[in-house]
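Side-chain atoms are counted along with the backbone in the values below, which use heavy atoms only and exclude waters and symmetry mates. This chain uses plain numbering: 1 for the first residue, then up along the sequence.
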Amino acid sequence: MTGGERQGPAEGSTRSEHFGEEFLGVLLDQGHELPPHQLGPLVARQTSRLDGRETSIFLQDYGQVWLVPLPGDGLAAGEPQPIDGSDAGRAFREARPVEVSQADGVRVYLPLLDGGDQVGVMAVTLDRLQDDERRLLRRLASLVADMLVTKHGYTDLFFRLRRREPMSVAAEIQWSLLPPLAMSTPRVELAGMLEPAYDVAGDSFDYALNGDVLHVAMVDAMGHGLDAATMATVVIGAYRHARRSSVGLSEIYTFMDRAVADQFGPDHFVTAQMMRLNTATGRLQWVNAGHPAPLLIRGHRVVRRLQGPTTLPVGFGGHEPRISEVALIPGDRILCFTDGLIEERDVGGEEFSEEQLIGWVNRLEPTAQQIRTVARSLSHTLQRARGGITTDDATLLLIEWRGSATDDLAPRSEPASHPQGKADGTQPFPHRRSLTLLLPRWARDG
């Protein structure tokens, strides 16, 4: 803040808070109905009130290789910044502000985080940087991230900016289906990656945190292109429909299985892994439908494969799956992945095996504490080890249970079951007719 006479500590603090409330209030008041393309100019005008200049907003590209500057009046024009090897990239990777001294002041890079998901980075240059400015800029970055995510839902501006290569129709479908690639709470954190980012088709994942319970699914639909993307869309829709009906893991499998069999016939299938993690206790349950077994990482090393009874892939009418279970300890991580990650050939022509995957996990885990950084580094490192070749979708999802002691709030449980639910808190399996309700109209009428 600039100008004014020197104030005592208490009076100065009060004035700073009043200025901060008004400073952020402008964005809240004006940003609500602001067209998406005018968000950047509004942010630039606000940073100028801190005597800030050369304001930039960078968005990550879909491959998580570049940070691309958002165009707009008042925003500094510039070239895309590499996530590896730039100051902006460092703020992105480490999810913390980075301050760089310059001849004309201080350049500050602030991560744009929305619930743990990395939207991009905001940068601004100031003559000097004090605690008041640091606090306001952190709050501003948080608000800008929320507004970018909200406005992303009704504009193509941010999508076009993030797309650095031509994207297939199948990949467009999959990216529109995905939840945020990362999520962070005091008890649990997760991060995922999909390759090839611009041509992914049959791989997908989904998750939801309902009270104390984290629900996770990873799927891999057979084939390539639009057929695989369509199948993945149906199976994720079936998973969400069943999950929101509060049925158990075995019933979720049955519902997904019927959806694929009824819509695509007996020669189509999807491998799948469905999980439930009680974030208050660390109790992890899962069912496996022909999918690679997840890996348990403890102390930054893979300690075991989470093997368990499996059933047939979704669509083949397998028997009711048996639920496996393991007790996690704080700091444990679970790595879920699709077979494209381990069945590709490396640069020497040898199949990239699960043993090689485990070796790379053990090498990379100790080097980075942020789970988002580990997921991104692992995906990119494995791609380089394969010589940049990705003939099949290769997806990974990393989950960390941080323990319940880190949550200061009172424990919250799963929302109350319907009065007619089962004794175990799940719901009776939905009537077969309800299956058609989750399909698009063209699929129901066909």
Return yes if a side-chain donor-acceptor contact under 3.5 Å exists between [X] and [Y], otherwise no.
X: Arg376; Y: Thr373; result: no
X: Asp220; Y: Thr338; result: no
X: Gln370; Y: Arg372; result: yes

For the [atom1] atom of [X] and the [atom2] atom of [Y], what is their distance to the nearest 0.5 Å?
X: Glu21; Y: Arg139; atom1: CD; atom2: CZ; result: 10.5 Å
X: Ile334; Y: Leu398; atom1: CD1; atom2: CG; result: 9.0 Å
X: His241; Y: Phe255; atom1: NE2; atom2: CZ; result: 4.0 Å
X: Leu157; Y: Leu161; atom1: CG; atom2: CG; result: 6.5 Å
X: Glu195; Y: His380; atom1: CD; atom2: NE2; result: 5.0 Å
X: Leu382; Y: Phe337; atom1: CG; atom2: CZ; result: 10.5 Å

Donor-acceptor check, side chain of [X] to backbone of [Y], threshold 3.5 angstrom: yes or no?
X: His268; Y: Ala228; value: no
X: Thr310; Y: Asn288; value: no
X: Tyr239; Y: Met218; value: no
X: Arg93; Y: Ile83; value: yes
X: Lys151; Y: Phe158; value: no
X: Gln81; Y: Glu79; value: yes
X: Asp339; Y: Pro292; value: no
X: Trp401; Y: Thr279; value: yes
X: Gln174; Y: Asp203; value: yes
X: Ser404; Y: Ala280; value: yes

Contact check, side chains of [X] and [Y], non-hydrogen atoms, under 4.5 Å:
X: Thr55; Y: Gln46; value: no
X: Val260; Y: Phe269; value: no
X: Met274; Y: Arg243; value: no
X: Asp87; Y: Arg107; value: no
X: Val287; Y: Ile252; value: no
X: Asp114; Y: Pro180; value: no
X: Asp393; Y: Leu194; value: no
X: Val219; Y: Met256; value: yes

Checking Val43 against Met122 for the side chain to side chain contact (heavy atoms under 4.5 Å, CB included) test, could you report, in this order, the C-alpha distance in whole Å, the side-chain angles of both residues, the deciding distance, and whether it holds?
CA-CA 10 Å; Val43 173; Met122 185 179 77; 3.9 Å; yes
Salt bridge (Lys or Arg N to Asp or Glu O under 4.0 Å) for Asp156 and Arg163? Distances and angles first, verdict last.
CA-CA 11 Å; Asp156 291 330; Arg163 188 171 59 183; over 6 Å; no
Consider side-chain contact (heavy atoms from CB on, under 4.5 Å). Of Leu214, Asn278, Asp332, Val326, which one does Leu284 pass it with?
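For Leu284, the side-chain contact (heavy atoms from CB on, under 4.5 Å) check succeeds only for Val326.
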With side chain to side chain donor-acceptor pair (under 3.5 Å) as the test, would you mind laying out the steps for Thr381 and Arg384 before giving the verdict?
CA-CA 5 Å; Thr381 299; Arg384 287 193 296 269; 3.2 Å; yes
Any chance you could lay out the side chain to side chain contact (heavy atoms under 4.5 Å, CB included) test for Asp131 and Arg134, step after step, and finish with the verdict?
CA-CA 5 Å; Asp131 286 346; Arg134 289 187 177 94; 3.3 Å; yes
Shortest non-hydrogen contact from [X] toward [Y]:
X: Phe58; Y: Ala123; result: CE1-CB, 4.2 Å
X: Ala171; Y: Ala197; result: CB-O, 4.2 Å
X: Gly40; Y: Ile57; result: CA-CD1, 4.1 Å
X: Ile371; Y: Ala191; result: O-CB, 4.0 Å
X: Ala95; Y: Leu113; result: CB-CD1, 4.2 Å
X: Ile323; Y: Ser250; result: CG1-OG, 4.0 Å

How far apart are the C-alpha atoms of Arg301 and Glu365, what are their side-chain angles, what is the distance that settles it, and do they pass the salt bridge (Lys or Arg N to Asp or Glu O under 4.0 Å) test?
CA-CA 7 Å; Arg301 294 190 64 81; Glu365 263 282 336; over 6 Å; no
Under the criterion side chain to side chain contact (heavy atoms under 4.5 Å, CB included), I'd like the reasoning laid out for Gln64 against Ser379: C-alpha separation, chi angles, the key distance, then a yes or no.
CA-CA 10 Å; Gln64 292 196 32; Ser379 181; over 6 Å; no
Hey, is CZ on Arg322 packed in by over 12 heavy atoms from elsewhere, all under 6.0 Å?
no
Assert yes or no for the condition that the ring centre distance of Phe159 to Tyr62 is strictly below 6.0 Å.
yes
List the steps and the verdict of side chain to side chain contact (heavy atoms under 4.5 Å, CB included) for Trp286 and Gln273.
CA-CA 7 Å; Trp286 74 93; Gln273 188 98 53; 3.1 Å; yes
